[in-house]
Engineer: 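Here's a structure for you.
Values in this document were obtained by computation on a predicted structure and should not be read as measured data.
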Amino acid sequence: MGEMHSDNSRYSYNLAFRATIDQEDIADFIYDPANGGLTQRYRTNYLMIARANEILVRIDDMDFDQAAKDNIKGQCLFMRAFCYFDLVQYYGGVPLHLQPSISFDDVALPLSSVDEIYAQVIQDAADAAILLPSKANQAPGRPTMGTANTLLGNVYMVLEEWANAETALKKVTGYSLMNDYAEVFNPNNKGNSEMIFEAQFTQASAQFSSNFMYWFWPQPITDAEITTIYEDNGLTAPTEIQIRSQGGVNIPSPDLIAAYEDGDVRLGVTVGIGLANGVMMPYAKKYLQPCDNFFREDVNWPIYRYSEVLLFLAEALHNQGNDTEALTYINDVRDRAGLGPLSTLTDADILQERRVELALENKRWLDLVRTDMVESVLKPYGDRIRANPEDYYLPSGVQLRPSAFQDFSKTFPLPSDEALLSPYF
């Protein structure tokens, strides 16, 4: 929903496996309230909110170390803010649950307005930033003061409150860019100086391992072709590789690949090219890492990186007319990528730099929404796919559906399965 629902990535259409319609609809801008992907996102957010609420309603009455209590409370406030921020960006107005549900009367609430939800997100994130410790004093993987201020800055960027965004983002201290872009994503560097918040995984347990790379392969792809891709990247392939014969997702689009400037080291880290079913296809190389067991990786999912803070600051300052300072932040990111500095700055420069720096990290769709560029960017993109379907990984003779790329809503519909449980939508 963050990448395929944009011009950054597509799916590999598999004629022999047609159980991928949910993902294809998201990529093709066909909105179905019964779509399993948007239902899962909605429910997972509310599961986290419910767990946070259970703690928040009780913790002040508990008697234990105050510093530990503040830390736990800050984490819960951050997670609730994070989830509501995700919900309001992807769905618009949603029910605002701030207390645990203890009866059927509590379960279904009216839809709150977008403004009400943003106000709650700001309050929770600001409170979390006060309660949470710095990265140096926090357990690995948990949100920190810097994480909460990054979220708060992100909210203000969406609301175009540039001065407030600048204030929040300049409080994100104790982080720095890694020298090597590739090393940011290396599982051996978890919790590195650049990572502000990332979803944690370990291949030591099947329950807690990551497996998104195995959905990101262009499919169908044979076990021998997967092995070759690992070996071509200097990696030992996992044992007992299984043929992937469904439909691949998050396949880098030709448009994303073309967006990189000559000499940008990020392209070779982000996108790889390899054989899949005898055809040369791109894949999300950023998440290709060594692992011992097929379908069980250590790779964490990046949510906030320090480079994004720098790019947010550049944008916030640019919108306040301070390009001199803004250029220092964006050029720090470009320098790490092996590119020369910019001497002037435009809105397009900032959006471009965000696209290539944060590619395949679920930022592109939300960037197009908040900059009001959804239709101007994605309608021509749909036209290019329709004119040249094979260039966008559709098999010979397969065309885009007539309903594809006709509706450019800035939010997804509320899930129909949830509507059955509520009288309010």
Engineer: Report the distance from atom OG1 of Thr150 to atom OH of Tyr306, rounding to the nearest 0.5 Å.
Structural biologist: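 The distance works out to 9.5 Å.
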
Engineer: For Pro395, is there any backbone N or O sitting under 3.5 Å from a side-chain donor or acceptor partner on Glu390?
Structural biologist: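 Such a contact is absent between Glu390 side chain and Pro395 backbone.
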
Engineer: Would you compute the distance between atom CG of Asn186 and atom CG of Asp180 and round it to the nearest 0.5 angstrom?
Structural biologist: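 It is 9.5 Å, given to the nearest 0.5 Å.
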
Engineer: With a 4.5 Å heavy-atom cut-off, do Thr270 and Pro252 have their side chains touching?
Structural biologist: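 Sidechains of Pro252 and Thr270: no contact.
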
Engineer: Could you label the plane-to-plane angle of the Trp301 and Phe212 rings as parallel, tilted or perpendicular, counting under 30° as parallel and over 60° as perpendicular?
Structural biologist: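 Because their plane-to-plane angle is over 60°, the rings of Trp301 and Phe212 count as perpendicular.
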
Engineer: Taking everything shown except Asn179 itself, do over 12 heavy atoms lie less than 6.0 Å from its CG?
Structural biologist: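 Open.
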
Engineer: For the residue pair Asn277 and Glu225, what are the closest heavy atoms and their distance?
Structural biologist: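 Here Asn277 and Glu225 meet closest at N-OE1, 2.7 Å.
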
Engineer: Quick check on Lys379: does its NZ atom have over 12 non-hydrogen neighbours (other residues, nucleotides or ligands) under 6.0 Å away?
Structural biologist: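 Atom NZ in Lys379 is not crowded, with 12 or fewer foreign heavy atoms closer than 6.0 Å.
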
Engineer: Taking all non-hydrogen atoms of both residues into account, name the closest pair between Tyr283 and Pro218 and its distance.
Structural biologist: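 So the minimum-distance heavy-atom pair works out to CB-CD, 3.8 Å.
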
Engineer: Any side-chain heavy-atom pair from Leu366 and Val158 closer than 4.5 angstrom?
Structural biologist: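 Not touching, per the 4.5 Å side-chain cut-off.
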
Engineer: Give, for atom CG of Leu267 and atom CG of Asp262, the distance between the pair rounded to the nearest 0.5 Å.
Structural biologist: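 It is 10.0 Å, given to the nearest 0.5 Å.
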
Engineer: Only one of Leu151, Thr167, Leu169, Ile122 passes side chain to side chain contact (heavy atoms under 4.5 Å, CB included) with Tyr156; say which it is.
Structural biologist: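 Between Tyr156 and the candidates, side chain to side chain contact (heavy atoms under 4.5 Å, CB included) is satisfied uniquely by Ile122.
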
Engineer: Would you mind checking if Lys363 and Glu357 are paired as a salt bridge, meaning a charged N to carboxylate O distance below 4.0 Å?
Structural biologist: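 Result for this pair is no, no salt bridge flagged.
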
Engineer: Closer than 3.5 angstrom, by distance alone: can the side chain of Ser210 be matched with the main-chain N or O of Val299 as a donor-acceptor pair?
Structural biologist: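 Indeed, once roles are kept as given, a pair shorter than 3.5 Å links the two residues.
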
Engineer: Would a distance-only check, ignoring hydrogens and angles, find a side-chain to backbone donor-acceptor pair under 3.5 Å from Tyr181 to Arg336?
Structural biologist: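 No, Tyr181 side chain to Arg336 backbone: no donor-acceptor pair under 3.5 Å.
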
Engineer: Apply the side chain to side chain contact (heavy atoms under 4.5 Å, CB included) test between His97 and each candidate in Asp106, Val107, Leu109; give the one that qualifies.
Structural biologist: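 Single side chain to side chain contact (heavy atoms under 4.5 Å, CB included) partner of His97 among Asp106, Val107, Leu109: Leu109.
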
Engineer: More than 12 heavy atoms of other residues, nucleotides or ligands under 6.0 Å from CZ of Arg51: yes or no?
Structural biologist: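 No, not enclosed.
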
Engineer: Are Glu361 and Arg266 ion-paired here, with the side-chain N under 4.0 Å from a carboxylate O?
Structural biologist: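 Salt bridge absent between Glu361 and Arg266.
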
Engineer: Taking Asp332 for its side chain and Leu310 for its backbone only, find out whether a donor-acceptor pair lies under 3.5 Å.
Structural biologist: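 A pair under 3.5 Å: no.
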
Engineer: Rounded to the nearest 0.5 Å, what's the gap from CD1 on Ile273 to CD1 on Ile229? Could you check?
Structural biologist: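 That separation rounds to 9.5 Å.
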
Engineer: Donor-acceptor pair, Glu54 side chain versus Ala52 backbone, under 3.5 Å?
Structural biologist: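 Answer holds: no.
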
Engineer: Within the side chain of Arg80, is there an N or O that forms a donor-acceptor pair under 3.5 Å with the backbone of Asn53?
Structural biologist: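 Looks like no, no N/O pair under 3.5 Å.
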
Engineer: Would you tell me whether Asn189 and Glu183 have side-chain atoms, one donor and one acceptor, within less than 3.5 Å of each other?
Structural biologist: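 Side-chain D/A pair, Asn189 to Glu183: present.
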
Engineer: Distance to the ring centre below 6.0 angstrom and angle to the axis at most 45 degrees; does that hold for Arg244 and Phe216?
Structural biologist: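 No, Arg244 does not lie over the aromatic ring of Phe216.
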
Engineer: So for atom CG, which belongs to Leu421, do other residues, nucleotides or ligands contribute more than 12 heavy atoms lying within a distance under 6.0 Å?
Structural biologist: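 Atom CG in Leu421 is crowded, with more than 12 foreign heavy atoms closer than 6.0 Å.
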
Engineer: Do Asn319 and Glu315 have side-chain N/O donor and acceptor atoms under 3.5 Å apart?
Structural biologist: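 Looking only at side-chain atoms, Glu315 and Asn319 do not form any donor-acceptor pair under 3.5 Å.
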
Engineer: Quick check for you: to the nearest 0.5 Å, what is the distance between Glu353 atom CD and Leu339 atom CG?
Structural biologist: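 Those atoms lie 6.5 Å apart.
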
Engineer: Using only atom types and a distance under 3.5 Å, with no angle test, would you say the side chain of Ser253 pairs donor to acceptor with the backbone of Asp7?
Structural biologist: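 Indeed, once roles are kept as given, a pair shorter than 3.5 Å links the two residues.
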
Engineer: Would you check if there is a donor-acceptor pair between the side chains of Tyr42 and Asp417 at a distance under 3.5 Å?
Structural biologist: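 No, no side-chain donor-acceptor pair sits under 3.5 Å.
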
Engineer: Give the minimum heavy-atom separation between Ala81 and Asp124, together with the two atoms involved.
Structural biologist: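 Smallest heavy-atom distance, with atoms named: CB-CB, 3.7 Å.
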
Engineer: Side-chain contact test, heavy atoms from C-beta onward, threshold under 4.5 Å: evaluate it for Ile330 versus Leu345 and give yes or no.
Structural biologist: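 Of all side-chain heavy-atom pairs linking Leu345 with Ile330, at least one is under 4.5 Å.
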
Engineer: Consider only side-chain N and O atoms of Thr20 and Glu24, and report whether a donor and an acceptor are under 3.5 Å apart.
Structural biologist: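 A pair is found: one side chain offers a donor N or O, the other an acceptor, under 3.5 Å apart.
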
Engineer: Atom CH2 in Trp217, atom CD1 in Ile251: separation rounded to 0.5 Å?
Structural biologist: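 Here the rounded value is 10.0 Å.
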
Engineer: Give a yes or no on whether the backbone of Pro95 and the side-chain of Tyr46 come within a donor-acceptor separation of less than 3.5 Å.
Structural biologist: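 Answer holds: yes.
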
Engineer: Would you indicate whether the side-chain heavy atoms of Arg334 and Glu261 approach each other to under 4.5 Å?
Structural biologist: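 Side chain of Glu261 against side chain of Arg334, heavy atoms only: contact under 4.5 Å found.
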
Engineer: Evaluate the ring planes of Phe29 and Phe408, with Trp represented by its six-membered ring, and classify them as parallel (under 30°), tilted (30 to 60°) or perpendicular (over 60°).
Structural biologist: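 Aromatic pair Phe29/Phe408 classed tilted.
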
Engineer: Is a side-chain N or O of Glu194 found less than 3.5 angstrom from the main chain of Met178, in a donor-acceptor match?
Structural biologist: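 Pair found, side chain donor or acceptor close to backbone of Met178.
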
Engineer: Against the six-membered ring of Tyr214, is Arg296 placed for a cation-pi contact (under 6.0 Å from the centre, within 45° of the normal)?
Structural biologist: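 Pair Arg296/Tyr214 does not count as cation-pi.
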
Engineer: I'd like to know if Lys73 and Asp127 make a salt bridge, using a cut-off of under 4.0 Å between side-chain N and carboxylate O.
Structural biologist: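 Salt bridge between Lys73 and Asp127, a charged N being under 4.0 Å from a carboxylate O: no.
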
Engineer: Set out, in order, the CA-CA distance, both residues' side-chain angles and the distance that settles salt bridge (Lys or Arg N to Asp or Glu O under 4.0 Å) for Lys170 and Glu325, then state yes or no.
Structural biologist: CA-CA 12 Å; Lys170 284 185 173 178; Glu325 187 178 356; 2.9 Å; yes

Engineer: If we ignore angles and hydrogens, is there a donor and acceptor under 3.5 Å between the side chains of Asp25 and Asn35?
Structural biologist: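 The answer is no; no qualifying pair exists.
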
Engineer: Strictly under 6.0 Å, is that where the ring centroids of Tyr31 and His5 end up?
Structural biologist: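 Aromatic pair counts; centres sit under 6.0 Å.
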
Engineer: Can you tell if the side chain of Leu400 reaches within under 4.5 Å of the side chain of Pro389, non-hydrogen atoms only?
Structural biologist: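 No, their side chains stay 4.5 Å or more apart.
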
Engineer: Would you check if Leu38 and Pro413 make a side-chain contact, meaning some heavy-atom pair closer than 4.5 Å?
Structural biologist: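 A side-chain contact exists here, since the closest heavy-atom pair is under 4.5 Å.
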
Engineer: Determine whether Asp372 and Lys410 make a side-chain contact, defined as any pair of heavy atoms from C-beta on separated by less than 4.5 Å.
Structural biologist: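 They are in side-chain contact.
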
Engineer: Are a donor atom and an acceptor atom from the side chains of Gln138 and Thr144 found within less than 3.5 Å of each other?
Structural biologist: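 No, no side-chain donor-acceptor contact under 3.5 Å.
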
Engineer: Ignoring hydrogens and geometry beyond distance, is a side-chain donor-acceptor pair present between Arg401 and Ser403 at under 3.5 Å?
Structural biologist: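 Arg401 vs Ser403: no donor-acceptor pair found between side chains.
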
Engineer: Would Arg386 pass as a cation-pi partner of Phe405, given that its NZ or CZ must be under 6.0 Å from the six-membered ring centre and within 45 degrees of the axis?
Structural biologist: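 Output no; distance or angle outside limits.
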
Engineer: Assess the side chains of Asn14 and Gln219: does a donor N or O sit below 3.5 Å from an acceptor N or O?
Structural biologist: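 Checked: Asn14/Gln219 side chains show no N/O donor-acceptor pair below 3.5 Å.
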
Engineer: Of all heavy-atom pairs between Leu152 and Ala125, which one has the smallest distance, and what is that distance?
Structural biologist: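 Minimum heavy-atom separation between Leu152 and Ala125: CD1-CB, 4.0 Å.
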
Engineer: Without hydrogens or angle criteria, can the side chains of Asn154 and Tyr304 be said to hold a donor-acceptor pair below 3.5 Å?
Structural biologist: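 A pair is found: one side chain offers a donor N or O, the other an acceptor, under 3.5 Å apart.
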
Engineer: List the atom of Tyr424, the atom of Ala108, and the distance in Å for their closest heavy-atom pair.
Structural biologist: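 Taking Tyr424 first and Ala108 second, the nearest heavy atoms are CE1-O, 3.5 Å.
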
Engineer: Is the number of heavy atoms from other residues, nucleotides or ligands under 6.0 Å of Gln40 CD greater than 12?
Structural biologist: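 Atom CD in Gln40 is not packed in, count stays at 12 or less.
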
Engineer: Is the backbone of Ile196 close enough, under 3.5 Å, to the side chain of Lys135 for a donor and an acceptor to pair up by distance?
Structural biologist: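 Here the side-chain-to-backbone pair does not exist.
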
Engineer: Between Glu198 and Lys190, does any NZ, NE, NH1 or NH2 come within less than 4.0 Å of an OD or OE carboxylate oxygen?
Structural biologist: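 Salt bridge between Lys190 and Glu198, a charged N being under 4.0 Å from a carboxylate O: no.
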
Engineer: Tell me whether the rings of Phe412 and Tyr90 are parallel (<30°), tilted (30 to 60°) or perpendicular (>60°).
Structural biologist: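 Because their plane-to-plane angle lies in the 30° to 60° range, the rings of Phe412 and Tyr90 count as tilted.
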
Engineer: Taking the side chain as every heavy atom from C-beta outward, state whether Met281 and Ile221 have any atom pair closer than 4.5 Å.
Structural biologist: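 Sidechains of Ile221 and Met281: no contact.
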
Engineer: Where is the tightest heavy-atom contact between Ser113 and Glu116, given as atom of each residue plus distance?
Structural biologist: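 In terms of heavy atoms, the two residues are closest at N-OE1, 2.8 Å.
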
Engineer: Check whether the ring centres of Trp215 and Phe295 lie less than 6.0 Å apart, and answer yes or no.
Structural biologist: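 So the answer is yes for these two rings.
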
